[in-house]
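Computed over heavy atoms, backbone and side chain alike; hydrogens, waters and symmetry mates excluded. Treat the numbers as computed from the prediction; the structure is a model and nothing was measured. Whatever order the structure lists them in is the order used to number ligands and atoms, beginning at 1.
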Amino acid sequence: MSTEHLANMRRNYTRDGLLEEAAPQDPRTLFEYWFNDAVATEQPPVEPNSMILATVDHGGQPHCRVVLLKGLDAQGFVFYTNYTSAKGRQLAEQPKAALTFFWPALERQIRIEGTVEKISAAESDAYYNMRPLGSRLGAWASDQSQPLASREVLEQTLAELEQRYATQAPPRPEHWGGYRMVPQRMEFWQGRTCRLHDRLNYQLQGDGAWSRERLAP
Ligand SMILES: Cc1cc2nc3c(=O)[nH]c(=O)nc-3n(C[C@H](O)[C@H](O)[C@H](O)COP(=O)(O)O)c2cc1C
């Protein structure tokens, strides 16, 4: 899988919105609505490069969210985000993370644990500059993870940016770029009958080689 192929995997999300007036006060009610929708709706295949990224804050509270794998090389797994987002702040304090890939149609899961480092500015520039203009402006428009007064504020900011960059390409914002997760443990899970699944756990050794053991399902 080449980095270029991964970097170009991109879906446009057009299906629905989530506005305050339609959101119940109790988040558990909203969870129930969305869960019922999920059960009732035939799920399309997940984006194969989507992965759940877990980070930890200074109080030891884990946080997880979906991000997209945009590069893969001998050093590790690259994703892009806002460096001042909640996850960015957590990674600055505690540069460790876990990733989970889940491919339901294949009944497979991969869990990866390791350390996280920022990629070089040149690498981030290269990826930023190949994104569609809307995504590049979106990186400027969104102060990711900060409270937002309304959806209109975000759309207004984007409209202003579209004007500002009508004739020149936007540069990459300094607060936006890539991280590389360098794996130390990788566990491959293959679903099998009677819940007797296969789990192969790889652990990086001090000499750079990987040890491997089978874990009970
Ligand atoms: C399918 C999917 C793909 C996503 N890809 C990314 C991504 O590549 N980078 C990113 O910053 N957020 C991505 N998000 C949004 C994150 O899940 C999350 O909302 C955002 O990064 C803010 O997280 P934080 O507040 O913990 O920093 C994606 C969400 C979904 C559902």
Sole candidate of Trp140, Tyr80, Tyr83 that passes ring pair (Phe, Tyr, Trp, His ring centres under 6.0 Å) when paired with Trp176: Tyr80
Give the numbers and elements of all ligand 1 atoms closer than 4.0 Å to a heavy atom of Ala86. 24 (P), 25 (O), 26 (O), 27 (O)
Quick one: do Met186 and Trp210 satisfy side chain to side chain contact (heavy atoms under 4.5 Å, CB included)? Show the steps, please. CA-CA 10 Å; Met186 295 182 62; Trp210 289 89; 4.2 Å; yes
Can you name the atoms of ligand 1, numbered from 1 with element, that are less than 4.0 Å from a heavy atom of Tyr13? 1 (C), 2 (C), 3 (C)
Of the protein's non-hydrogen atoms, which lies at the shortest distance from atom 2 (C) of ligand 1, and what is that distance? Val66 CG1, 3.5 Å
Decide side chain to side chain contact (heavy atoms under 4.5 Å, CB included) for Phe102 and Val46; before the verdict, give the C-alpha distance in whole Å, the side-chain angles of both, and the deciding distance to 0.1 Å. CA-CA 8 Å; Phe102 175 39; Val46 292; over 6 Å; no
Could you go through Arg172 and Asn129, starting from their C-alpha distance and side-chain angles, then the distance that decides it, and tell me whether this counts as side-chain hydrogen bond (donor to acceptor under 3.5 Å, both in side chains)? CA-CA 8 Å; Arg172 175 178 64 87; Asn129 290 328; over 6 Å; no
Check whether any heavy atom of Gln144 sits under 4.0 Å from an atom of ligand 1. yes
If the cut-off is 4.0 Å to any non-hydrogen atom of Thr81, which atoms of ligand 1 fall inside it? 10 (C), 11 (O)
Min N/O separation Val67 to ligand 1 under 3.5 Å: no
Contacting atoms of ligand 1, where contact means under 4.0 angstrom from a heavy atom of Ser145: 24 (P), 25 (O), 27 (O)
Side chain to side chain contact (heavy atoms under 4.5 Å, CB included) between Glu213 and Gln203, worked out: CA-CA 9 Å; Glu213 64 186 348; Gln203 188 80 43; 5.9 Å; no
Does an N or O anywhere in Ser85 fall below 3.5 Å from an N or O of ligand 1? yes
Is the shortest distance from a Lys or Arg side-chain nitrogen in Arg164 or Glu160 to a carboxylate oxygen in the other one below 4.0 Å? no
Do you see a protein non-hydrogen atom under 4.0 Å from atom 19 (O) of ligand 1? no
Within a strict 4.5 Å, meaning less than it, do heavy atoms of the Arg10 and Lys70 side chains meet? yes
Are the charged groups of Asp198 and Arg214 less than 4.0 angstrom apart, N to O? yes
For Lys87, the atoms of ligand 1 under 4.0 Å from one of its heavy atoms are 11 (O), 20 (C), 21 (O), 22 (C), 23 (O), 24 (P), 26 (O), 27 (O)
Measure the distances from the heavy atoms of Tyr80 to every atom of ligand 1 and state whether one is below 4.0 angstrom. yes
Step-by-step side chain to side chain contact (heavy atoms under 4.5 Å, CB included) determination, Asp73 to Arg180: CA-CA 9 Å; Asp73 56 28; Arg180 177 179 287 103; 3.1 Å; yes
To which protein heavy atom is atom 8 (O) of ligand 1 closest, and what is the distance rounded to 0.1 Å? Leu68 N, 3.1 Å
Give the atoms of ligand 1, by number and element, whose distance to some non-hydrogen atom of Glu47 is under 4.0 Å. 1 (C)
